[in-house]
Amino acid sequence: MLTAHTIKILQSLDKKKFRQKYNLFLVEGNKIIHELFNSNFKIKEILSTDSQKLDSKDIPISHITENELKRISFLKNPKDSVAICFLNTQQEITSPDIQLVLDGIQDPGNLGTIIRLADWFGIEQIICSEDTADFYNPKVIQATMGSFTRVNVVYTNLVEYLSKTDHINIGTDMEGESIYTFKRPEKLNLILGNEGNGMRKETEMLLQKSISIPRFGNSQSTESLNVSMAAGIILGQLFSK
């Protein structure tokens with residue numbers, strides 16, 4: 001049985017300041033928890049209403065009731081288990097040929113979807129501005145569907161990073177070259193800006209190339225695409241060549 005103090009701590013992990021205070025975050029659902037077993041993330045404990053489906057050798061598992069699960073879950077429809085994990089504070093910037101760079105992405109669902117897209121296309125690293133949504137936000141973790149275990153997400157000063165990189169900095173712009181004619185360089189940073197305001201002027205000044213997704217609809221009235229949707233279209237085209 002969970003104590004009131006434990007429940008209070010777990011409930012507080014929906015906020016960044018408490019995740020940092022306790023050095024913990026939650027992962028929900030057996031399917032995603034299974035992804036943790038072969039990752040670099042360390043699990044403190046698993047709380048489960050159905051531990052029979054979890055084959056974990058050295059990880060303590062405690063049985064909880066459906067009511068307790070509802071109290072600690074951040075989902076409208078809680079799943080079978082919750083893993084209490086330690087934050088991974090040892091992530092370092094590497095230099096893969098293709099990486100995503102996020103400038104002020106605010107929506108956790110967008111960040112989670114972009115991480116899942118990166119995993120799908122084999123992109124191993126995402127560089128984020130310091131004000132991008134927190135990687136450990138429960139909505140981010142859930143939206144990745146386990147892909148967060150395979151993509152290195154690092155937060156840094158973008159202007160400083162992009163001014164020193166040996167990759168070609170590429171951003172999106174309505175006046176940029178069509179993604180369908182664009183020739184992919186060997187090393188590139190694909191920069192995606194804030195949902196409402198796009199990328200910062202300081203970031204935009206460091207671009208070496210701008211690309212666009214042409215509209216084919218007759219009305220031409222749609223102003224823009226959701227950032228994660230745009231990322232999917234661009235990556236699909238980049239990897240088709």
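Remember, predicted model here, so these are calculated numbers, not experimental data.
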(message) As a quick check of understanding, evaluate side-chain contact (heavy atoms from CB on, under 4.5 Å) for Thr6 and Ile72, giving each step before the final call.
(response) CA-CA 9 Å; Thr6 298; Ile72 63 174; over 6 Å; no
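Looking at residues two or more places apart in sequence or on another chain, you find no ring pair (Phe, Tyr, Trp, His ring centres under 6.0 Å) involving His167. Checked against side chain to side chain contact (heavy atoms under 4.5 Å, CB included), Lys15 has the following partners two or more places apart in sequence or in another chain: Phe18.
No hydrogens or angles considered: nothing links the side chains of Glu160 and Thr156 as a donor-acceptor pair under 3.5 Å. A donor atom on one side chain and an acceptor atom on the other are found under 3.5 Å apart for Ser62 and Glu45. Side-chain polar atoms of Glu124 and Asn152 form no donor-acceptor pair below 3.5 angstrom. Side-chain atoms of Asp119 and Ser147 form a donor-acceptor pair, as typed in the model, at a separation below 3.5 Å. A donor and an acceptor atom, one from each side chain of Ser228 and Asn226, are located under 3.5 Å apart. Side chain to side chain, Asn157 and Glu130 fail the donor-acceptor criterion of an N or O pair below 3.5 Å. Judged by distance alone, the side chains of Ser81 and Ser48 do bring a donor and an acceptor atom under 3.5 Å apart. Between the side chains of Ser73 and Glu28, a donor-acceptor pair is found at a separation under 3.5 Å.
Within a 6.0 Å radius of CZ in Arg200, other residues, nucleotides and ligands contribute more than 12 heavy atoms. Enclosure of atom CG in Asn77 is not indicated, since only 12 or fewer non-hydrogen atoms of other residues, nucleotides or ligands lie within 6.0 angstrom. More than 12 heavy-atom neighbours from other residues, nucleotides or ligands sit within 6.0 angstrom of CG on Asp14.
Under a 3.5 Å cut-off, the side chain of Gln99 and the backbone N or O of Ile123 do not form any donor-acceptor pair. Between the side chain of Asn137 and the main chain of Pro108, no donor-acceptor pair closer than 3.5 Å is present. Proximity of a side-chain donor or acceptor of Asn169 to a complementary backbone N or O of Leu206 within less than 3.5 Å is detected. The backbone N or O of Asp131 sits less than 3.5 Å from a side-chain atom of Gln106, completing a donor-acceptor pair.
If you chain together hydrophobic residues whose side chains sit under 4.5 Å apart, Phe86 and Ile141 never meet in one group. No continuous path of hydrophobic side-chain contacts links Ile93 to Phe135 [ILVMFWY only; heavy atoms under 4.5 Å]. Val82 and Tyr22 fall within a single hydrophobic cluster, where Ile, Leu, Val, Met, Phe, Trp and Tyr are joined by side-chain heavy atoms under 4.5 Å apart, directly or via other members.
When ring centroids are compared, Phe41 and Phe148 come within the 6.0 Å threshold.
Of the listed residues (Leu13, Val140, Leu87), just one forms a side chain to side chain contact (heavy atoms under 4.5 Å, CB included) with Phe25, and that residue is Leu87.
The shortest non-hydrogen separation linking Glu92 to Gln125 is O-OE1, 3.8 Å. The minimum heavy-atom distance between Met199 and Glu204, with the atom names listed, is SD-CA, 3.9 Å. Across Tyr180 and Pro214, no two heavy atoms sit closer than the pair CE1-CD, 3.5 Å. When all heavy atoms of Asn194 and Gly196 are compared, the pair lying nearest together is OD1-N, 2.8 Å. Ala231 and Leu117 get closest at one heavy-atom pair: CB-CD1, 4.1 Å. The minimum heavy-atom distance between Glu186 and Asp97, with the atom names listed, is O-CB, 3.5 Å.
No side-chain heavy atom of Ile233 sits less than 4.5 Å from a side-chain heavy atom of Gln237. Using a 4.5 Å heavy-atom threshold, the side chains of Thr149 and Leu36 count as touching. Counting heavy atoms from C-beta outward, Ile170 and Asn189 have side chains that stay 4.5 Å or more apart.
A salt bridge links Arg19 with Asp134; the closest basic N to acidic carboxylate O contact falls under 4.0 Å.
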